[in-house]
Protein chains: 2
Amino acid sequence: MAEKSVTLKASLQRQLVLDILKESEGHPTAQTIFEEARKRMPSISLATVYRNLRLLVKQGNLIESKIGNKPSRFETRKNRHYHVCCVRCGSLEDLVLPYQSVLDRKVEGMVRYQLQEHRMEFFGICPRCQGRSRNSSQLGKQKLHQPAIPAR
Amino acid sequence: MAEKSVTLKASLQRQLVLDILKESEGHPTAQTIFEEARKRMPSISLATVYRNLRLLVKQGNLIESKIGNKPSRFETRKNRHYHVCCVRCGSLEDLVLPYQSVLDRKVEGMVRYQLQEHRMEFFGICPRCQGRSRNSSQLGKQKLHQPAIPAR
DNA sequence: CTAGTTGCAAAGCGTTTGCACTACG
DNA sequence: CGTAGTGCAAACGCTTTGCAACTAG
């Protein structure tokens with residue numbers, strides 16, 4: 001629902017991508033969505049998933065969150081919200097902290113930008129990763145370089 | 001100054017990268033830094049610039065901001081601050097809005113993460129781009145797909 | 001000496017695109 | 001029917017890496 005402005009035919013693969021996102025609890029990547037999609041439609045291609053994700057984002061049906069050099073994560077558009085991101089394992093979770101429109105107003109008063117919105121991510125160590133000792137990452141190979149918050 | 005925890009020898013190229021960042025007004029990309037660096041040391045390689053940037057970020061001397069699929073932008077570590085990003089041209093600017101530590105405390109109360117910090121970027125149209133009509137991007141080719149904030 | 005560093009070229013990864021074909025409206 | 005959408009494979013942009021030759025400590 002809510003197709004507008006753009007053309008947008010209703011292809012099976014587009015619907016499939018959307019369905020998967022709607023069912024999904026978390027914030028899957030294109031790759032993850034692709035893997036799920038091909039279970040139900042083996043012929044679907046990764047390119048198609050990417051194309052549809054991009055369209056759906058452009059339309060406003062989805063929101064895309066890219067943290068550092070990790071692959072983008074997608075979710076269906078709900079109310080504006082923020083995310084917490086684990087600097088160890090990269091997992092992403094929604095926060096219930098309400099959108100701070102005050103901040104938009106403040107910033108509007110300090111720059112000449114035509115402000116649209118802001119995005120905010122909190123970084124920390126998730127409960128699961130807190131268990132593991134400081135240095136043992138989940139998969140042996142942790143390269144949290146970019147997204148890692150300044151280590152001091 | 002402030003070498004610690006890691007090994008870190010003082011190579012000329014590392015110093016050069018750091019110097020360039022210190023002199024820089026804006027938020028240069030690795031490529032831009034590389035171009036400036038090779039003016040002063042023609043033999044320096046892009047890989048070295050990337051390697052040093054990564055190290056310096058890991059140490060905490062630099063902070064790295066990646067918005068969407070655009071190349072990372074770097075700056076020397078100052079006080080914590082936020083950025084405004086133009087959704088048309090991608091330019092990035094510092095904001096003087098003080099770090100909202102209240103938010104960290106709030107979030108700490110709502111999740112079991114070991115919180116470190118948050119990052120926030122404001123999106124809008126910069127003064128320069130406001131001049132240009134809605135659809136004429138600065139270089140003919142605007143593909144603001146990922147970083148573009150949901151268009152509605 | 002020897003572990004960190006460099007330049008080069010090649011590889012890697014996520015994402016996009018050109019093309020010929022298919023299918024929605 | 002015409003145009004948007006698809007699958008495939010190749011290309012892309014940014015970043016990383018293997019390697020052999022250095023170099024700072």
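Naming convention: chains lettered A, B, ... in sequence-line order (proteins, then strands); numbering from 1 in each chain. These values consider heavy atoms only, across backbone and side chains, with no hydrogens, waters or symmetry-generated copies.
Distance CG (Leu46(A)) to P (dT15(C)): 9 Å, rounded to an integer number of Å. In this structure, the CD atom of Gln59(A) is 14 Å from the P atom of dA4(D), given to the nearest Å. Atom CD of Glu64(B) and atom C1' of dT16(D) are 13 Å apart (whole Å). Whole-Å rounding puts the Ile44(B) CD1 to dT23(D) C1' distance at 15 Å. Spacing between atom CG of Leu56(A) and atom P of dT15(C) amounts to 15 Å, rounded to whole angstrom units. As a whole-Å value, the separation of Lys70(B) NZ from dT15(D) C1' is 17 Å. Rounded to whole Å, atom C1' of dT16(C) lies 6 Å from atom CZ of Arg54(A). Leu55(B) has its CG atom 14 Å from the C1' atom of dT15(D), to the nearest Å.
The nearest heavy atom of DNA chain D to Phe74(B) and to Gln13(A) marks one nucleotide each, and the one closer to the 5' end goes with Gln13(A).
A salt bridge is absent between Lys39(B) and Glu35(B): the closest approach of a Lys/Arg side-chain nitrogen to an acidic carboxylate oxygen does not fall below 4.0 angstrom. In summary, Arg119(A) and Glu121(A) do not engage in a salt bridge, as defined by a charged side-chain N under 4.0 Å from a carboxylate O. Look at Lys78(B) and Asp94(B) and you find a salt bridge, because one of the NZ, NE, NH1 or NH2 atoms lies within 4.0 Å of a carboxylate O, short of that distance.
Following chains of ILVMFWY side-chain contacts shorter than 4.5 Å, one cannot reach Ile67(A) starting from Tyr113(B), and the two form parts of different hydrophobic clusters.
Between the side chain of Arg51(B) and the base of dG7(C), a donor-acceptor pair under 3.5 Å is found.
Among dT16(C), dA9(C), dG7(D), the nucleotide with an atom closest to any side-chain atom of Tyr50(A) is dT16(C). Taking the side chain of Ser45(B) as heavy atoms from C-beta on, and the options dG7(C), dC8(D), dT15(D), the nearest nucleotide is dG7(C).
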Sugar-phosphate or base contact per nucleotide [nucleotides 20-25 of chain C; S, B, -; heavy atom under 4.0 Å]: ---BBS
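Taking 4.5 Å as the limit, some side-chain heavy atom of Phe74(B) sits within range of a side-chain heavy atom of Val57(B). No side-chain heavy atom of Val49(A) sits under 4.5 Å from any side-chain heavy atom of Gln31(A).
Dashed line: the shortest gap from a side-chain N or O of Asn69(B) to OP1 or OP2 of dC13(C) is not under 4.0 Å. OP1 or OP2 of dT15(C) lies within a sub-4.0 Å distance of a side-chain N or O belonging to Ser72(A). For dC14(D), neither phosphate oxygen OP1 nor OP2 lies less than 4.0 angstrom from any side-chain nitrogen or oxygen of Lys66(B). Between Thr48(A) and dG7(D) there is a side-chain N or O to OP1 or OP2 distance below 4.0 Å.
At the heavy-atom level, Gln31(B) lies nowhere under 4.0 Å from the strands shown. Using a 4.0 Å heavy-atom cutoff across all strands shown, Ser43(B) reaches sugar-phosphate atoms only and no base atom.
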task: Walk me through it: do Arg105(B) and Glu108(B) pass the test salt bridge (charged side-chain N to carboxylate O under 4.0 Å, His left out)?
output: CA-CA 5 Å; Arg105(B) 275 176 248 126; Glu108(B) 248 156 20; over 6 Å; no
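Crowding of Arg112(A) atom CZ: a count of heavy atoms from other residues, nucleotides or ligands under 6.0 Å not exceeding 12.
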